[in-house]
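For reference, the structure discussed in these notes is given below.
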Amino acid sequence: MKNKSLFIDLEKIGFVAREYENGEKVENRCGRDFLYYVLNYYFPDNFNPQKCNPVFIEQNKLFGLPIHSLFVWTCLPFYKVPKLFKNKSLLLEINNVPIKSFKDFVLNMIHPQIIGVDDSFKLIEKCLLEKIACGIDTPIKKGSIMNHVLFVYGYDEEYLYVIDTHKVDNLEYEKITPEKDPKFLMKIKKDVIRKLHSKLSRVWVVKKLNT
């Protein structure tokens, strides 16, 4: 992996895996899990596997309403996020658009500002250089309206290095950690992201504001 650039100390990350209910893996929680990793990155003492993990966040409605996986598209599981982030002096941006309200969030889920794939890579690289939490939000397969957002911790000429909480079927990415390892360190080729890029592709950036 030549020219590999990693910008986050993985020893400090509070890794979690996607939960199961009644023997079935819970689906459609990538946004929740991404935002957990953001909060774990900035506030590891307050958000970690033992305290305020993704399941606790959902059960206690910290981000919004806990609803069935089929209805995550309503964005209701995230209606509290802009206010929560404001209280923590954080600002979420999606494709360079500040998300200051739930309305902003919904609009940028449905109709995000379009940015080119090369500009997406440049934005991610800039964030990593500046130690700003960010994620790549890509369609799962060509032409799909189903997206998956991943926390990015590094890049090189060929790959983005990302953190997930499980391995998504049909998405062309590779688990770096051993198959049975509960830490889902992954890598995804930039060419795959380029191939999948669509008007629904997004870069999530969460900045820590000066206080």
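Worth knowing before you read on, the calculation uses all heavy atoms, side chains too, and leaves out hydrogens, waters and symmetry mates.
- Between Leu92 and Pro82 there is no side-chain heavy-atom pair separated by less than 4.5 Å.
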**Item:** Step-by-step side-chain contact (heavy atoms from CB on, under 4.5 Å) determination, Tyr161 to Asp156
**Value:** CA-CA 8 Å; Tyr161 296 87; Asp156 61 21; 2.6 Å; yes
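- Ile110 and Leu70 fall within a single hydrophobic cluster, where Ile, Leu, Val, Met, Phe, Trp and Tyr side chains are chained together by heavy-atom contacts under 4.5 Å.
- Taking all atoms of both residues into account, the shortest heavy-atom contact from Val206 to Ile132 is O-CG2, 3.4 Å.
- Going from atom CG of Leu10 over to atom CG of Leu185 covers 5.5 Å, rounded to the nearest 0.5 Å.
- Under the salt bridge (charged side-chain N to carboxylate O under 4.0 Å, His left out) criterion, the residue pairs touching residues 7-18 are Arg18-Asp33, with sequence neighbours excluded.
- At least one side-chain heavy atom of Leu171 sits less than 4.5 Å from a side-chain heavy atom of Leu196.
- The backbone N or O of Glu27 lies less than 3.5 Å from a partner atom in the side chain of Ser69, making a donor-acceptor pair.
- A search for side chain to side chain donor-acceptor pair (under 3.5 Å) contacts involving Thr74 returns nothing, not counting sequence neighbours.
- The heavy-atom pair separating Leu62 from Leu84 by the smallest distance is O-CD2, 3.9 Å.
- In terms of heavy-atom proximity, Tyr41 sits nearest to Lys131 at OH-O, 2.9 Å.
- Every side chain to side chain donor-acceptor pair (under 3.5 Å) that Glu130 has, sequence neighbours left out, goes to Lys126.
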Side chains of residues 135-142: which donor-acceptor partners sit under 3.5 Å, not counting sequence neighbours?
| from | atom 1 | to | atom 2 | distance (Å) |
| --- | --- | --- | --- | --- |
| Asp137 | OD1 | Asn147 | ND2 | 3.2 |
| Asp137 | OD2 | Arg202 | NH1 | 2.8 |
| Asp137 | OD2 | Trp204 | NE1 | 2.9 |
| Lys142 | NZ | Lys195 | O | 2.9 |

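- Applying the side chain to side chain donor-acceptor pair (under 3.5 Å) rule to pairs touching residues 95-104 yields Ser101-Asp104, sequence neighbours excluded.
- Under a hydrophobic-cluster definition in which Ile, Leu, Val, Met, Phe, Trp and Tyr are linked whenever side-chain heavy atoms come within less than 4.5 Å, directly or via other members, Tyr159 and Leu129 are assigned to the same cluster.
- We find the OG1-CG distance between Thr165 and Leu150 to be 9.0 Å, quoted to the nearest 0.5 Å.
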**Asked** Can Asp181 and Lys183 be said to form a salt bridge (charged side-chain N to carboxylate O under 4.0 Å, His left out), step by step?
**Response** CA-CA 5 Å; Asp181 193 319; Lys183 297 188 293 294; 3.3 Å; yes
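- Pairs passing the side chain to side chain donor-acceptor pair (under 3.5 Å) check and including a residue from residues 45-62, sequence neighbours excluded, read Arg29-Glu58, Arg32-Glu58.
- Taking CZ from Phe85 and CG from Leu39, the interatomic distance works out to 4.5 Å, rounded to the nearest 0.5 Å.
- In this structure, Val203 and Val152 have side chains that are not in contact, with every pair of non-hydrogen atoms separated by 4.5 Å or more.
- Taking the six-membered ring where tryptophan is involved, the planes of Tyr37 and Phe15 are perpendicular, since the angle between them exceeds 60° and thus also 30°.
- Among pairs with a residue in residues 71-93, those fulfilling salt bridge (charged side-chain N to carboxylate O under 4.0 Å, His left out) read Glu93-Lys207, at least two apart in sequence or across chains.
- Distance check: Ile124 CD1 to Tyr153 OH gives 14.0 Å after rounding to the nearest 0.5 Å.
- Under the 4.5 Å side-chain heavy-atom criterion for Ile, Leu, Val, Met, Phe, Trp and Tyr, Leu107 and Val205 are members of distinct hydrophobic clusters.
- Atom SG in Cys134 sits 4.5 Å away from atom CG in Leu128 (nearest 0.5 Å).
- In this structure Phe78 satisfies the ring pair (Phe, Tyr, Trp, His ring centres under 6.0 Å) test together with Phe105, sequence neighbours excluded.
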**Asked** Can Leu65 and Tyr79 be said to form a side-chain contact (heavy atoms from CB on, under 4.5 Å), step by step?
**Response** CA-CA 8 Å; Leu65 294 179; Tyr79 83 91; 3.8 Å; yes
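- Each of Val149 and Ile145 belongs to its own hydrophobic cluster when Ile, Leu, Val, Met, Phe, Trp and Tyr are linked at side-chain heavy-atom distances under 4.5 angstrom.
- Residue Leu200 holds its CG atom at 9.5 Å from CE of Met109, rounded to the nearest 0.5 Å.
- Smallest separation of non-hydrogen atoms from Tyr36 and Gly14: OH-O, 2.6 Å.
- Residues Val72 and Val26 do not share a hydrophobic cluster, defined by chaining ILVMFWY side chains whose heavy atoms lie under 4.5 Å apart.
- Residues that satisfy the ring pair (Phe, Tyr, Trp, His ring centres under 6.0 Å) test with Phe56, not counting sequence neighbours, are absent from this structure.
- The cationic atom of Lys175 (NZ for Lys, CZ for Arg) lies less than 6.0 Å from the six-membered ring centre of Phe184 and within 45° of the ring axis.
- Shown here for Ile57 and Cys52, the closest heavy-atom pair between the two residues is CD1-O, 3.6 Å.
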In residues 114-121, what donor-acceptor pairs under 3.5 Å come from side-chain atoms, sequence neighbours left out?
| from | atom 1 | to | atom 2 | distance (Å) |
| --- | --- | --- | --- | --- |
| Asp118 | OD1 | Arg194 | NH1 | 2.9 |
| Asp118 | OD1 | Arg194 | NH2 | 3.2 |
| Ser120 | OG | Gly116 | O | 3.1 |

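- Legend: residues meeting side chain to side chain donor-acceptor pair (under 3.5 Å) with Asp164, ordered by chain and number and at least two apart, are His148, Tyr173.
- Scanning for side-chain contact (heavy atoms from CB on, under 4.5 Å) contacts around Lys208 gives Tyr42, Phe43, Leu90, with sequence neighbours left out.
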